[in-house]
Colleague: 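The structure that follows is given in the form of structure tokens.
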Amino acid sequence: MANENGSLNSNPTMDTRGKTITCKAAVAYGPGEPFVVEEILVHPPQKLEVRIKILYTSICHTDLSAWRGENESQRAYPRIFGHEASGIVESVGEGVSEVEEGDVVVPIFHGECGECCYCKCEKSNMCERHGVNPMKKVMEDGTSRFSTVDGKPIFHFLNTSTFSEYTVVDSACVVNFHRSDHTLALKNLTLLSCGVSTGVGAAWNTANVQSASTVAIFGLGAVGLAVAEGARARGASKIIGVDINPDKFIKAQGMGVTDFINPKDGEKPVYERVREITDGGVDYSFECTGNLEVLRDAFSSAHAGWGLTVILGIHTSPRLLPIHPMELFDGRSITGSVFGGFKGKSQLPHFATQCGNGVVKLDHFITHELPIEEIDKAFDLLIAGKSLRFWLRSEGAFEQCARAKKENKWKCTRLCFPPSLKPPYICTNVKGELGTVHE
Ligand code: NAD
Ligand code: ZN
Ligand code: ZN
């Protein structure tokens, strides 16, 4: 860290590289139990792994389902949840070449190894080794990089585990934003880690929404609203939002949603109401709730002959699709979308540039900001339908270097001074925007 004169006399990266770090994390000890925010040990990254200092993380509904232990087979405790985040590389393991200490990065739950048959195929964003796998609890070598201070292993979650000040991920699950030309604040990069990329990508990559087309979105959480942003950007003429929470419509109007249906209002099934206002059904419907009855409604809302339904919701129940095979003869089709069809490592930097240019507006998605200690409150607000996305910030996000303090203008993370980084160094200002103040 810089001393009062602004010169570098010691460096936290050098201090911690290759060593176990003691830091704070929100640990889940049982389904639906309050998080325990405690000191844990984060062990050094092994071969092809990256240790990240997490500066911001947020909560997605998938974290909520996993924390509740909705699917019994996924239950494993103690565990560190969280998969939407942004941060800075603290150190790398053997063989990692695409990121280095000090790089601004986003961890992704759906990785891209670049080598497997899926990664090499333009048609898919699956990855044989590092794709999303809710059953995976440990790193590739079968061990965990987290433990309690008394040495008990803590399980990983969705390739990421971001409710911690430090995490270790496979290099296939890290996107490097350091050298891309985007103008996004570090905080906003967090949204690209899951929700916004998933929703916008479903509209762009999976459905390929066309100009002047009609769209219905079931579930107006961050994922559904990101679908709306994506459809609005593509010039959809009508975007119908369906949600049981009427408060969601107020927010949704500013994000491209033109019509609102509350399934609890009126006698008619939702699909009939959608068909009435669209002359027979929408061109594209998106299911963003993880509810099978809603999925049925979404499917029936699509226009016969060409309507496409995209499933985004995570369905934790073992029940099967409520659709008879012969119904597909009416020309409606149905597909799923994971991470919006984006190949994370290779395509997100360009997506960030598009977001920075205003193609997709990110500011509406953040409704709250809290320190990580208040994670239980953040979960309560999501459950109550009062929030979209949070910034849960680590202490490190507010550390100031000497120059920042002196100028009383910039707040930079300590890790803006890794020894490997050549000037100008990247810092964040008080708003969390990236800047280059240290020449
Ligand atoms: P959220 O909790 O913020 O939003 C869900 C919305 O659905 C809420 O507004 C809620 O009121 C609404 N809703 C619930 N039941 C409903 C019903 N019966 N009819 C209409 N609306 C209803 O969740 P989110 O973070 O936006 O995530 C949405 C879904 O997407 C979750 O299932 C999540 O696990 C999943 N997800 C999938 C991917 C993927 O890659 N496919 C990525 C992220 C999230
Ligand atoms: Zn998510
Ligand atoms: Zn792969």
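We use all heavy atoms of the structure for the numbers below, so side chains are in, but hydrogens, waters and symmetry mates are not. All ligand and atom numbering here is 1-based and tracks the order in the structure.
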Colleague: Please report the shortest heavy-atom distance between L308 and A302, naming the atom on each side.
Modeller: N-CB, 4.2 Å
Colleague: With heavy atoms of T289 as the reference, note each atom of ligand 1 found under 4.0 Å away.
Modeller: 7 (O), 13 (N), 16 (C), 21 (N), 22 (C), 32 (O)
Colleague: How wide is the angle at the Zn ion (ligand 3) between SG of C113 and SG of C127, to the nearest 10°?
Modeller: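 SG of C113 and SG of C127 make an angle of 100° at the Zn ion (ligand 3), to the nearest 10°.
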Colleague: For ligand 1, indicate whether the residue I244 contacts it via side chain, backbone, both or neither (heavy-atom separation under 4.0 Å).
Modeller: both
Colleague: Please list the nearest protein heavy atom to atom 32 (O) of ligand 1 with its residue and the distance rounded to 0.1 Å.
Modeller: I314 N, 3.0 Å
Colleague: Is there any N or O on V223 that sits under 3.5 Å from an N or O of ligand 1?
Modeller: yes
Colleague: Which word best sums up how the rings of W67 and F35 line up, parallel for under 30°, tilted for 30 to 60°, or perpendicular for over 60°?
Modeller: parallel
Colleague: Backbone N or O of V294 within a donor-acceptor pair of the E287 side chain at under 3.5 Å?
Modeller: no
Colleague: Can you find an N/O atom of N245 closer than 3.5 Å to an N/O atom of ligand 1?
Modeller: no
Colleague: Evaluate D103 against I88 for side-chain contact (heavy atoms from CB on, under 4.5 Å), listing each step before the verdict.
Modeller: CA-CA 5 Å; D103 281 356; I88 292 175; over 6 Å; no
Colleague: Taking N or O atoms only and a 3.5 Å limit, does F339 qualify as a polar contact for ligand 1?
Modeller: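 Looking only at distances, the answer is yes, because the N/O contact criterion of under 3.5 Å is met.
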Colleague: How about H43 and F146: are their ring centroids closer than 6.0 Å?
Modeller: no
Colleague: Closest approach of K136 and R79, non-hydrogen atoms and distance?
Modeller: O-NH2, 3.2 Å
Colleague: Could you confirm whether C119 has any N/O/S atom lying under 2.8 Å from the Zn ion (ligand 3)?
Modeller: yes
Colleague: I need the nearest protein heavy-atom contact for atom 8 (C) of ligand 1: residue, atom name and distance, please.
Modeller: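 Among all protein heavy atoms, the one nearest atom 8 (C) of ligand 1 is D243 OD2, 3.5 Å.
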Colleague: Closer than 4.0 Å to some heavy atom of V338 - which atoms of ligand 1 meet that?
Modeller: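 Reading through ligand 1 atom by atom, the close ones are 40 (O).
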Colleague: Shortest non-hydrogen contact from V99 to V92?
Modeller: O-CG1, 3.8 Å
Colleague: Is the closest heavy atom of A222 to ligand 1 under 4.0 Å?
Modeller: yes
Colleague: Which pairs count as side-chain hydrogen bond (donor to acceptor under 3.5 Å, both in side chains) when at least one residue sits in residues 208-225, sequence neighbours excluded?
Modeller: N208-Q210, N208-R234, T214-D283
Colleague: Heavy-atom distance to atom 28 (C) of ligand 1: which of C194, P263, G219, C288 wins?
Modeller: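 That would be C288.
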Colleague: Numbering the atoms of ligand 1 from 1, which are under 4.0 Å from a heavy atom of L382?
Modeller: 3 (O)
Colleague: Quick check on contacts: which atoms of ligand 1 are under 4.0 angstrom from a heavy atom of K248?
Modeller: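 Once the distances to K248 are compared, the set is 9 (O).
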Colleague: When you measure from atom 34 (O) of ligand 1 to every protein heavy atom, which one gives the shortest distance, and what is it?
Modeller: T62 OG1, 2.8 Å
Colleague: How close do G344 and V175 get, counting heavy atoms only, and between which atoms?
Modeller: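 The answer is O-CG2, 3.6 Å.
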Colleague: Would you say the side-chain atoms of H83 and D63 include a donor-acceptor pair closer than 3.5 Å?
Modeller: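 Yes, side-chain donor-acceptor contact under 3.5 Å.
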Colleague: Is there a polar contact between ligand 1 and C60, counting only N or O atoms under 3.5 Å apart?
Modeller: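 In fact, backbone or side chain, C60 has no N or O that close.
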Colleague: Over 60° means perpendicular and under 30° means parallel, so classify the ring planes of F342 and F339, tilted if in between.
Modeller: perpendicular
Colleague: Write out the residue and atom name of the closest protein heavy atom to atom 27 (O) of ligand 1, then the distance separating them to 0.1 Å.
Modeller: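 Protein heavy atom with the smallest distance to atom 27 (O) of ligand 1: H61 CB, 3.4 Å.
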Colleague: Are more than 12 heavy atoms, taken from residues, nucleotides or ligands other than R129, located less than 6.0 Å from that residue's CZ atom?
Modeller: no
Colleague: Checking F299 now: which residues fulfil ring pair (Phe, Tyr, Trp, His ring centres under 6.0 Å) with it, not counting sequence neighbours?
Modeller: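 Not a single residue meets the ring pair (Phe, Tyr, Trp, His ring centres under 6.0 Å) criterion with F299.
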Colleague: Would you say the ring centers of F81 and F163 fall short of 6.0 Å from each other?
Modeller: no
Colleague: For residues 236-266, which residue pairs qualify under ring pair (Phe, Tyr, Trp, His ring centres under 6.0 Å), counting only residues two or more places apart or in two chains?
Modeller: F249-F260
Colleague: Which residue and non-hydrogen atom of the protein lie closest to atom 37 (C) of ligand 1, and at what distance in Å?
Modeller: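 The closest one turns out to be L312 O, 2.9 Å.
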Colleague: For atom 4 (O) of ligand 1, what is the nearest protein heavy atom, given as residue, atom name and distance?
Modeller: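 The closest one turns out to be G221 CA, 3.2 Å.
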Colleague: Anything protein N, O or S sitting under 2.8 Å from the Zn ion (ligand 2): count it and give me the total.
Modeller: 3
Colleague: Go through ligand 1 atom by atom and flag the ones less than 4.0 Å from a non-hydrogen atom of V294.
Modeller: 17 (C), 18 (N), 19 (N)
Colleague: Using the rule given for ring-ring contact (aromatic ring centres under 6.0 Å, His included), can you reason through Y284 versus W306, listing the C-alpha separation, both sets of side-chain angles and the distance that settles it, and then say yes or no?
Modeller: CA-CA 9 Å; Y284 312 95; W306 59 78; over 10 Å; no
Colleague: Look at the side chain of T167 and the backbone N and O of S161, then say whether any donor-acceptor pair between them is shorter than 3.5 Å.
Modeller: yes
Colleague: Give a yes or no on whether C117 keeps an N, O or S atom under 2.8 Å from the Zn ion (ligand 3).
Modeller: no
Colleague: Against heavy atoms of R389, which atoms of ligand 1 measure under 4.0 Å?
Modeller: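 So the answer, numbered in order with elements, is 25 (O).
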